[in-house]
Trainee: 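Encoded as structure tokens, here's the structure I'll be asking about.
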Amino acid sequence: MITTERLAMKSRDELHQELRQTILFLPGVTERQNAGIHEDAFFVGRTMFMHIHGRGHCDIRLSKSDQEQVLAQGKARPHRWAPEAGYVTFIVEDEEDLKAAMDLIRMSHQYFAGKQSTPQTEHQ
């Protein structure tokens with residue numbers, strides 16, 4: 001027997017697309033697919049603030065203090081290859097994870113969007 005709850009669950013592809021679209025809705029965010037080893041890389045200005053491997057494997061770059069806090073609270077896992085750069089890893093497997101991931105992604109976006117320098121004018 002299939003329950004209503006089961007019918008409402010989104011596939012991993014649907015979650016991935018919702019995650020991408022929500023990230024792209026953040027101010028000033030651009031996406032570069034296949035940027036280096038990353039399938040979907042997201043930038044604010046010239047800074048990559050997060051990327052996704054596969055379907056839902058999010059590597060999110062935070063300030064060092066935010067990274068320490070998030071890891072201490074168990075909200076993400078340490079990144080395997082670049083923890084010194086502030087990265088944490090979060091796996092999105094269901095809609096509840098999607099909300100938690102977006103909390104971390106917004107934290108990252110705010111930090112890196114705030115670090116962007118003011119636009120320079122062209123010299124003639």
Side-chain angles (χ1 to χ4, degrees):
M1 181 173 171
I2 299 176
T3 65
T4 312
E5 183 178 308
R6 175 88 171 118
L7 289 174
M9 291 180 63
K10 293 181 180 178
S11 72
R12 288 185 68 94
D13 282 341
E14 289 171 319
L15 286 170
H16 178 76
Q17 287 308 315
E18 187 173 339
L19 176 65
R20 283 182 62 249
Q21 291 307 312
T22 305
I23 295 166
L24 289 169
F25 191 69
L26 295 170
V29 171
T30 58
E31 178 183 20
R32 295 184 202 155
Q33 294 185 336
N34 302 313
I37 63 169
H38 317 103
E39 291 179 28
D40 298 301
F42 298 89
F43 292 76
V44 61
R46 291 189 217 163
T47 303
M48 180 177 20
F49 69 99
M50 66 132 342
H51 54 267
I52 303 172
H53 298 279
R55 295 289 180 254
H57 180 119
C58 301
D59 290 328
I60 305 162
R61 189 172 173 198
L62 302 171
S63 69
K64 291 302 265 177
S65 60
D66 286 342
Q67 179 195 39
E68 289 171 9
Q69 180 181 11
V70 163
L71 292 174
Q73 293 172 345
K75 292 182 178 180
R77 299 187 319 211
H79 187 267
R80 285 178 60 182
W81 307 111
E84 70 285 346
Y87 278 100
V88 297
T89 296
F90 190 94
I91 310 292
V92 176
E93 295 179 352
D94 57 32
E95 288 186 69
E96 192 173 308
D97 291 341
L98 187 61
K99 181 188 176 321
M102 282 309 302
D103 289 343
L104 297 174
I105 292 165
R106 282 186 190 94
M107 180 186 297
S108 174
H109 175 265
Q110 284 181 318
Y111 177 73
F112 288 103
K115 289 188 74 165
Q116 298 300 307
S117 61
T118 55
Q120 296 179 350
T121 58
E122 284 187 54
H123 296 287
Q124 297 183 355

Trainee: Can you name the closest pair of heavy atoms from Leu24 and Thr30 and give their distance?
Mentor: CD2-C, 4.3 Å

Trainee: With side chains defined as the heavy atoms from C-beta onward, is the minimum distance between Met107 and Ser63 less than 4.5 Å?
Mentor: no

Trainee: Between CD of Gln110 and CG of Leu26, what distance do you get to the nearest 0.5 Å?
Mentor: 9.0 Å

Trainee: In Å and rounded to the nearest 0.5 Å, what is the CD to CD distance from Gln67 to Glu84?
Mentor: 9.0 Å

Trainee: Do Lys10 and Glu95 come close enough that some side-chain heavy atom pair is under 4.5 Å?
Mentor: yes

Trainee: Please name the pair of heavy atoms, one in Ile105 and one in Ile23, separated by the smallest distance, quoted to 0.1 Å.
Mentor: CD1-CD1, 3.9 Å

Trainee: More than 12 foreign heavy atoms under 6.0 Å from NZ of Lys64: is that the case here?
Mentor: yes

Trainee: Could you check if a side-chain atom of Phe49 sits within less than 4.5 angstrom of a side-chain atom of Val29, using non-hydrogen atoms only?
Mentor: yes

Trainee: List the atom of His57, the atom of Asp59, and the distance in Å for their closest heavy-atom pair.
Mentor: NE2-OD1, 3.4 Å

Trainee: Is there a side-chain contact between Lys75 and Asp103 in this structure, where contact means two heavy atoms from C-beta onward sitting under 4.5 Å apart?
Mentor: no

Trainee: Arg61 and Ser108: which non-hydrogen atoms are nearest, and at how many Å?
Mentor: O-OG, 2.5 Å

Trainee: Supply the atom-to-atom distance Met102 CE to Ile60 CD1, rounded to the nearest 0.5 angstrom.
Mentor: 9.0 Å

Trainee: Within this structure, what is the CG-CD distance for the pair Asp66 and Glu68, rounded to the nearest 0.5 Å?
Mentor: 9.5 Å

Trainee: Find out whether Tyr111 and Lys115 are in side-chain contact, i.e. whether some heavy atom of one side chain is under 4.5 Å from a heavy atom of the other.
Mentor: yes

Trainee: Give the minimum heavy-atom separation between Leu62 and Leu104, together with the two atoms involved.
Mentor: CD2-O, 3.8 Å

Trainee: Check step by step if side chain to side chain contact (heavy atoms under 4.5 Å, CB included) holds for Thr22 and Lys99.
Mentor: CA-CA 10 Å; Thr22 305; Lys99 181 188 176 321; over 6 Å; no

Trainee: Can you tell me if Arg12 uses its side chain to pair, donor with acceptor, with the backbone of Gly56 under 3.5 Å?
Mentor: no

Trainee: For the atom pair CZ (Arg77) and CD1 (Ile91), what is the distance rounded to the nearest 0.5 Å?
Mentor: 4.5 Å

Trainee: Search all heavy atoms of Leu71 against all heavy atoms of Ala76 and return the closest pair with its distance.
Mentor: CD2-O, 3.5 Å

Trainee: Which value, rounded to the nearest 0.5 Å, describes the distance between His16 atom NE2 and Asp40 atom CG?
Mentor: 4.0 Å

Trainee: Does atom CD (Gln73) have a neighbourhood of more than 12 heavy atoms from anything else shown, all under 6.0 Å?
Mentor: yes

Trainee: What residue among Arg32, Arg20, His51 forms side-chain contact (heavy atoms from CB on, under 4.5 Å) with Phe42?
Mentor: Arg20

